[in-house]
Amino acid sequence: MEKKPGFLERLNKPQYEAVVHEGSPLLILAGAGSGKTNAITAKIAYLISEKKVYPASILAVTFTNRAAREMEERVVSILGRSSGINLNNPPMIRTFHSFGAWVLRRYGSSVGLENNFTIYDEEDMLTLLQSIRPAEAKKDLKPYVSMISRAKDYCLTYNDDLSPVSFDPEFPDIYMQYQKKLESTGCADFGDLILKPRFLLKENPAVREKLTRMFSTILVDEYQDSNVAQFELLKILSGDGSNLTVVGDDDQSIYRFRGAEVRNILTFPETFKNTKIIKLEQNYRSTSNILDIAAAVVANNTGRLGKKLWTEKTGGEKSVVAAFNTQQEEAEFCCSLLNDGNYSNTAILYRTNAQSLAFESLFSKMKIPYRLVGALRFFEREEVKDLLAVISLFINPRDEIAFRRVVNKPPRGLGKTGVEKIVNLSIQNFGGDLLEACSEGSKTLGGKAGKGAAAFSQIMDEVKSSFNEASGPEDNLSDFVKKCALVTGFAQYYREIDRNSDSQKILNIEELVNHAADYPSSMEGLIDFIENTELDRSSPAQENRGGVTLITMHNTKGLEFDRVIITGLEEGLFPGFRNMENIEDLEEERRILYVSITRARKKLYMTCCRSRRIWGKFNSFPPSRFLSEIPENLVTLKGFGNTVSGGASLINEGDAVYSRDYGAGEVLKKWMNKDEPVVLVRFEGGRTAQFLLRYSSLKKIDPNLTRNY
């Protein structure tokens with residue numbers, strides 16, 4: 001029997017089966033940490049070295065330049081070691097967009113593009129759009145850029161029904177104006193790099209036939225991240241799909257907000273008849289305890305093809321689920337874990353960027369090195385700096401940098417010339433006081449500039465009247481900062497941006513309001529608040545490559561760590577309120593948790609808080625429903641009081657109970673929700689709250705006592 005090449009000998013049985021499969025479409029359903037890159041690169045090498053396929057007739061596409069480079073390097077390395085093959089005409093390994101650009105450079109003239117076209121990024125798109133609508137500010141037009149990109153991801157032109165993207169009545173006309181202007185410049189944006197090749201191949205049989213002959217084999221990596229337009233392009237290019245191999249994991253499809261469609265992978269066997277499905281289920285990364293938790297969670301999704309990860313790394317430490325009263329305690333718990341100094345192999349995950357503040361602040365104070373991945377540090381974020389600039393200007397009306405930042409933001413008709421006039425007026429007549437000069441400018445400047453100056457003066461008057469010195473020790477600055485966000489229009493402004501671009505800027509404003517609650521409502525407290533944020537912004541903050549990784553759950557895709565701490569597992573935060581509205585959103589949230597769990601190699605911690613500040617006020621939240629999907633035998637529970645392990649069932653209707661957060665109360669009602677006991681409690685003062693008993697800290701007390709602690 002002929003000996004297999006070394007690179008084939010190293011494959012497990014399903015990987016080998018996937019590599020040698022031929023003759024029909026192939027879906028490699030590759031679980032997290034299952035060696036999918038090994039499989040796809042080995043398949044390319046096998047086709048070239050063993051099946052003698054001409055290298056340049058192989059097309060492999062993926063989603064990032066880094067992934068494409070890694071794939072290419074691995075293929076070259078395998079072939080060099082196994083057979084010494086010299087790739088003078090190597091396989092084409094590109095991103096989807098790079099491949100689209102390659103097609104358009106050669107055949108784009110039939111869709112109106114010469115081969116010297118320029119590719120516009122988002123900033124270029126915004127500049128072009130403003131050139132069409134010069135009366136509108138860039139900030140107001142930015143959401144339309146996102147909407148145009150999303151429409152192209154969905155394979156929609158301005159003549160199509162655009163309701164899947166937006167119901168904005170202006171959008172179709174703006175999209176049309178933009179596209180016609182773009183085409184008149186002879187340029188293309190990133191969406192066009194997929195959309196135009198798709199139309200080109202559909203409408204030009206000669207080019208389609210040439211390309212389908214050119215590429216005898218097509219492979220797609222990370223297929224679960226493909227959007228509608230990419231799917232349509234692939235379908236035309238591959239014909240019946242007999243030469244098509246896609247690799248992906250339906251359980252790791254988490255980029256719906258970018259246009260990714262999990263249905264592309266779920267319906268692949270229906271779209272391409274006679275599809276062979278091979279599941280890569282052996283995980284080489286995590287312990288069996290971690291994989292069992294991940295499997296238990298994701299099994300609750302209905303929109304999946306189904307697989308069960310397993311590993312030879314049996315056992316491993318039990319994972320920990322810990323509950324805390326506040327996010328400050330949550331951050332302190334993370335600090336306690338880091339006392340072992342194992343910084344570089346630890347990652348702290350959260351659902352939203354706003355959650356990083358508690359960790360950034362505490363880690364800086366405790367001299368714990370960290371690195372913030374995929375986001376600006378909290379106090380460097382645009383929306384945070386905007387609100388801080390308003391407060392700085394209130395404290396010091398001569399702060400020219402703060403004034404220039406916010407005087408026309410959100411846009412109110414004050415152009416550069418008007419702003420310069422106000423600045424000069426402040427120096428000449430008001431000792432540098434920009435607010436006095438702005439008030440005067442509202443009378444002397446004409447047209448839009450005068451109206452804009454008047455509007456800003458009124459806003460700053462409202463900011464001033466909103467500030468109240470403390471009347472009691474419990475008063476703090478959160479109400480003032482919240483009012484600043486409202487009267488300036490920043491709250492509404494960033495909500496609109498979030499709505500149209502899937503950002504989370506309003507959550508950062510909310511977290512700044514929460515942060516202000518640590519300072520007394522006094523001018524001294526306000527000055528300390530601004531001073532400390534400025535110091536935090538200018539400090540190195542212990543960031544370095546050897547530090548703890550602070551990262552959103554989305555950004556962990558493709559990464560792995562010895563120890564992972566997943567924080568903020570509460571209803572309303574994860575899953576978020578708006579993601580509970582339909583099954584597709586909720587199932588993607590569950591996939592996000594699945595991805596997060598499977599980043600851990602050895603140790604996994606999951607945390608939740610009983611209360612979290614929302615707009616400066618503590619609000620109670622039950623633990624995430626996802627935690628209830630984890631079998632208790634897989635985890636060690638910490639901080640849930642004596643109500644776990646059977647104690648919960650002892651609390652019944654009519655019982656007197658005590659909560660550390662709310663005080664003494666009475667159980668009004670008890671019922672079951674998905675086999676979980678839930679109680680409604682009325683506390684002293686009349687406030688009511690619901691609790692999942694298994695996760696609450698409620699204690700049964702003597703009904704004759706008003707306090708029992």
(request) Start with the C-alpha distance between Asp168 and Tyr144, add both sets of side-chain angles, then the distance that settles side-chain hydrogen bond (donor to acceptor under 3.5 Å, both in side chains), and finish with yes or no. (result) CA-CA 10 Å; Asp168 185 331; Tyr144 289 107; 2.6 Å; yes
Does the side chain of [X] come under 3.5 Å of the side chain of [Y] through a donor N or O and an acceptor N or O?
X      : Y      : value
Thr549 : Arg371 : yes
Thr311 : Gln282 : no
Thr287 : Asn289 : no
Asp173 : Tyr178 : no
Thr552 : Asn555 : yes

Is it true that [X] and [Y] have a side-chain N and a carboxylate O under 4.0 angstrom from each other?
X      : Y      : answer
Arg256 : Glu584 : yes
Asp562 : Arg599 : no
Asp251 : Arg590 : no
Glu232 : Lys235 : yes
Asp153 : Arg258 : no
Glu72  : Arg69  : no
Glu203 : Arg208 : no
Lys307 : Asp249 : yes
Glu281 : Lys279 : no
Glu17  : Lys13  : no

Check: [Y] main-chain N/O paired with [X] side-chain donor or acceptor under 3.5 Å:
X      : Y      : value
Thr556 : Leu559 : no
Ser98  : Thr95  : no
Asp192 : Leu195 : no
Asn243 : Ser216 : yes
Ser624 : Phe574 : yes
Lys196 : Gly108 : no
Glu587 : Thr302 : yes
Ser253 : Asp250 : no
Arg198 : Ala229 : no
Gln230 : Asn227 : yes

Residue pair [X] / [Y], side-chain heavy-atom distance below 4.5 Å:
X      : Y      : answer
Tyr605 : Arg563 : yes
Phe199 : Thr157 : yes
Leu550 : Tyr350 : yes
Phe7   : Ile78  : yes
Pro55  : Ile48  : yes
Asn264 : Thr267 : no
Leu634 : Ser319 : no
Ile566 : Leu593 : yes

(request) For the residue pair Phe268 and Phe272, categorise the inter-ring angle as parallel (less than 30°), tilted (30 to 60°) or perpendicular (more than 60°). (result) tilted
Please report the closest heavy-atom contact between [X] and [Y], naming both atoms and the distance.
X      : Y      : result
Ser49  : Leu79  : CB-CD2, 3.9 Å
Ile44  : Met71  : CD1-SD, 4.2 Å
Tyr107 : Val207 : CG-CG1, 3.8 Å
Asp225 : Ala260 : O-CB, 3.6 Å
Leu162 : Tyr175 : CD1-CD2, 3.9 Å
Asp498 : Gln504 : OD1-N, 3.4 Å

What's the spacing between [X] [atom1] and [Y] [atom2] if we round to 0.5 Å?
X      : Y      : atom1 : atom2 : result
Leu8   : Tyr16  : CG    : OH    : 6.0 Å
Phe99  : Leu104 : CZ    : CG    : 9.5 Å
Phe215 : Ser57  : CZ    : OG    : 9.0 Å
Glu209 : Asn204 : CD    : CG    : 10.5 Å
Ile40  : Leu219 : CD1   : CG    : 5.0 Å
Glu588 : Asn301 : CD    : CG    : 10.0 Å

Kindly list each side-chain donor-acceptor pair under 3.5 angstrom involving residues 22-34, sequence neighbours excluded, with atom names and distances?
{"from": "Glu22", "atom 1": "OE2", "to": "Lys51", "atom 2": "NZ", "distance (Å)": "3.3"}
{"from": "Ser24", "atom 1": "OG", "to": "His21", "atom 2": "NE2", "distance (Å)": "3.0"}
{"from": "Ser24", "atom 1": "OG", "to": "Asn274", "atom 2": "O", "distance (Å)": "3.4"}
{"from": "Ser34", "atom 1": "OG", "to": "Gly31", "atom 2": "N", "distance (Å)": "3.2"}
{"from": "Ser34", "atom 1": "OG", "to": "Gly31", "atom 2": "O", "distance (Å)": "2.6"}

Within the supplied structure, the quantity of interest is the number of heavy atoms (other residues, nucleotides, ligands) at a distance under 6.0 Å from [X] [atom1]; does it exceed 12?
X      : atom1 : value
Glu114 : CD    : no
Arg105 : CZ    : yes
Lys308 : NZ    : yes
Lys142 : NZ    : no
Lys602 : NZ    : no

(request) Begin from the C-alpha positions of Glu261 and Phe231 and carry the test side chain to side chain contact (heavy atoms under 4.5 Å, CB included) through to its verdict. (result) CA-CA 9 Å; Glu261 277 293 341; Phe231 168 75; over 6 Å; no
(message) Which residue in the set Asn38, Thr41, Thr37 passes side chain to side chain donor-acceptor pair (under 3.5 Å) when paired with Arg74?
(response)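 Among Asn38, Thr41, Thr37, the one meeting side chain to side chain donor-acceptor pair (under 3.5 Å) with Arg74 is Asn38.
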(message) So that I know where these two stand, are Tyr120 and Phe190 an aromatic pair - ring centroids less than 6.0 Å apart?
(response)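 Aromatic pair excluded; centres sit 6.0 Å or further apart.
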(request) Decide side chain to side chain contact (heavy atoms under 4.5 Å, CB included) for Gln224 and Val262; before the verdict, give the C-alpha distance in whole Å, the side-chain angles of both, and the deciding distance to 0.1 Å. (result) CA-CA 6 Å; Gln224 78 281 347; Val262 69; 5.7 Å; no
